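The next block holds one structure in the form of structure tokens; read it before the comments.
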2 protein chains.
Amino acid sequence: MKRITIRDVSERAGVSTAAVSYVLNGREGKVSQETATKVRRAVAELNYIPDFSARSLAGTRSKLIGVVIPQTEDQKQLLLQNPFYSELVCGIEARLRQSGYHMILSGVDKGEGYLDTSMQRNLDGAIIMGIYQESFYDDLKRVKVPIVLIDSYVNDSYFQTVSIDDEAGGYMATKLLIDNGHSNIALVTGLIRKDGVVEKRFLGYKRALKEAGLFYNSDYVFEHSVSYEYGQEAAAAIAAGHPEITAVFASSDLVALGVLRGLSDAGKRVPEDVSVVGFDDIPVARMCNPPLTTVRQNIVARGAMAADRLLKAIEEGEDSLADDPSVARLEMAIRQTVQRLTPN
Amino acid sequence: MKRITIRDVSERAGVSTAAVSYVLNGREGKVSQETATKVRRAVAELNYIPDFSARSLAGTRSKLIGVVIPQTEDQKQLLLQNPFYSELVCGIEARLRQSGYHMILSGVDKGEGYLDTSMQRNLDGAIIMGIYQESFYDDLKRVKVPIVLIDSYVNDSYFQTVSIDDEAGGYMATKLLIDNGHSNIALVTGLIRKDGVVEKRFLGYKRALKEAGLFYNSDYVFEHSVSYEYGQEAAAAIAAGHPEITAVFASSDLVALGVLRGLSDAGKRVPEDVSVVGFDDIPVARMCNPPLTTVRQNIVARGAMAADRLLKAIEEGEDSLADDPSVARLEMAIRQTVQRLTPN
DNA sequence: TGTGTTAGTTTAAGCGTTTAACCTTACAAT
DNA sequence: ATTGTAAGGTTAAACGCTTAAACTAACACA
């Protein structure tokens, strides 16, 4: 079954291939209404489907977007296990498809190799999440293509970003605990990198303490990695070594879930003995037991925003984007892991 | 910055473009060692990166694979929220990348449009998960390209599959409950479609009952959709209307989580009052409270198997695959939601 | 000496698009 | 009657690669 090409269409319609191409690409003013109609009829009759490889070769858009998400520690797998990233991907995909784009989803091996992918495939743009390798971004700038960053505070105005106010989020979460009468509040978190998401949340935590006149105790900061396992570990340490701690702010829901388990294993009840607040509001947050009180960001919407921004940059030029970086809204999802501390 | 082409390489190496192409594609016997070396040096010096669009146009492989996953009910979003699918995708991506392939991840609007994507992009193959639309598969057959199905019992030997023994899984789960002294066992499950995954599990459930000489009561089958919400709903109904039920087999972990919540809301304790078994062993199964006893399938591995099978079919021809359909192993993950029933 | 044969190399014709540049008309303005 | 211009069409080169077919040189064989 031979492929139907633009030439077949042109013959059927009795016009040149150029005319067909113009119609297909909606080049206003290049063709008459009449020709357009003939072409469209021929396209429909023949069930013509354009070949994107050829388009891309001929020097136009490939309508392909690269989406990069982090990998597991062992670098073997995508971190799609973390619902945060899968939600983002959902939001992105929906928007891209809707606009006739496709998404190449992939990880990167320690920052290497993405440049190749981008060139090989003539990607029209990319959305990059949570990669911290410096060199990666240097590479990225060399493919002259719009790029949107999510959750990576790279201090470089070359990149577009779609972020949330992480500092405010950290503040809100901590404030909630303080308002409920807690004063010995632990922070369990991933590695605090300069300019990273995690640092911002940490800063919010400190600000809330300070504003409330509470003492910031660095012993209460448990910093290691964004994982269920670490949450569990940290909770065990808290239960064992710091009976005075009555509340935990986990800077990610995944970690919070681990904390819940660790606490429960240590015989502490949540929220009766210890209150817990998470961050992100991934779907499991409401499914777990007890349902997790957390800082909600609409992750899917954030993915969609990123896609929108990217498409706009691609189709209307980078400058069409005002330099207001889009910042998504945050709110508390109050559920059942925080309890007012009643002095006994 | 102009693109480096195969022509640049050929000039630098002092050979023809054909020679370069042969070296790049590892055509043994077409080129001498000497030429190969010269070419490789030139490639390295110029940092040449091939253009896949051109390759694809020139009639060879595109090294692009389509991966299709189901969408949410409203057809708006990918069902990546279900960790089952994200895990599969992880497994697939890792294997594909390793072999120099890329993955276009997308959903399909009610079975439509995938054919277009496949043709537009000259996809080398596809991995399709859990789509039930009949017409979709008819379309699929028209693009003469290898296809691997996951979780879709389409009765058509045209497609490769990577499955699990769902019937056995259903049997194992139910048997576990029976062995623990339960006899009034509810099944909470998605829609039971002819030849669907869910039906197989249902059949396993029935077989276990029968073998144990237990009466199969269709009132104990709660059948609607694979979602947390439905699990919750069904659990409420069970707690309210069937106090005699002491155990629930949920045919998917997501549903099981809902059941946990519904039961807990109704004041039933798990596993003291009611035992629960899930299916899949998604990551949250061990994170939830109490940790869920479930039928474990190594989902990531299954994704990788699918990718392997597909790549083999692509690179060595469909027939290189013996018609042993790959079937992944299943085992019980015993955790804390099943308790021996002690007659009181 | 001619004739194969083999291994290695090159030539050049595509693959399906896009698009600059060119060619017609038709019509208005001079 | 000539020129100008705009609108609508067409031609053909280019994009970067693969690959069948043609070519060449070196060697062995009768």
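Remember, it's a predicted structure, so these values are computed and weren't measured experimentally. Throughout, a chain's letter reflects where its sequence line sits, starting with A, and its residues are numbered from 1.
A:Asn122 has its CG atom 16 Å from the P atom of C:dT17, to the nearest Å. Rounded to whole Å, atom C1' of C:dG16 lies 19 Å from atom CZ of B:Phe52. As a whole-Å value, the separation of B:Asp51 CG from C:dT17 P is 16 Å. The distance from atom CD1 of A:Ile6 to atom C1' of C:dC15 is 14 Å, rounded to the nearest whole Å. Protein atom OH of B:Tyr22 is 15 Å distant from nucleotide atom P of C:dA7, rounded to whole Å. Spacing between atom CG of A:Leu57 and atom C1' of C:dT19 amounts to 14 Å, rounded to whole angstrom units. When the P atom of C:dG16 is taken as reference, atom CG of A:Leu24 falls 15 Å away, rounded to whole Å.
Side-chain polar atoms of A:Thr35 and A:Ser32 form a donor-acceptor pair below 3.5 angstrom.
When the side-chain nitrogen and oxygen atoms of A:Thr5 are compared with OP1 and OP2 of C:dG16, none of them lie within a distance under 4.0 Å. Listed pair A:Tyr48 / C:dT17 meets the phosphate criterion, a side-chain N or O lying under 4.0 Å from OP1 or OP2.
Backbone-only contact: A:Ser32 has heavy atoms under 4.0 Å from sugar-phosphate atoms and none from a base. Within 4.0 Å of B:Arg7, counting heavy atoms only, lies no atom of the nucleic acid at all. Using a 4.0 Å heavy-atom cutoff across all strands shown, B:Ile4 reaches no nucleic acid atom at all. Residue-level contact check: A:Thr35 touches the backbone only, with heavy atoms under 4.0 Å from sugar-phosphate atoms and none from bases.
Think of the region where chain A sits on DNA chain D: with heavy atoms and a 4.0 Å cut, that region ends 5' and 3' at D:dG8 to D:dG16.
Comment: A:Asp8 does not engage A:Arg3 in a salt bridge, judged by the lack of any side-chain N to carboxylate O separation of less than 4.0 angstrom. Between B:Arg121 and A:Asp51 there is no salt bridge, since no side-chain nitrogen of the basic residue lies less than 4.0 Å from a carboxylate oxygen of the acidic one.
The backbone N or O of B:Gln33 lies less than 3.5 Å from a partner atom in the side chain of B:Thr37, making a donor-acceptor pair. Checking side-chain atoms of A:Thr17 against main-chain N and O of A:Ile6 turns up no donor-acceptor pair under 3.5 Å. Under a 3.5 Å cut-off, the side chain of A:Glu93 and the backbone N or O of B:Gly107 do form a donor-acceptor pair.
Map B:Lys30 and B:Arg55 each onto its nearest nucleotide of DNA chain D; the residue landing nearer the 5' end is B:Arg55. Mapping A:Asn25 and B:Val31 onto DNA chain C via the closest heavy atom, the residue that lands nearer the 5' end is B:Val31.
Aromatic ring centres of B:Tyr158 and B:Tyr137: separated by at least 6.0 Å.
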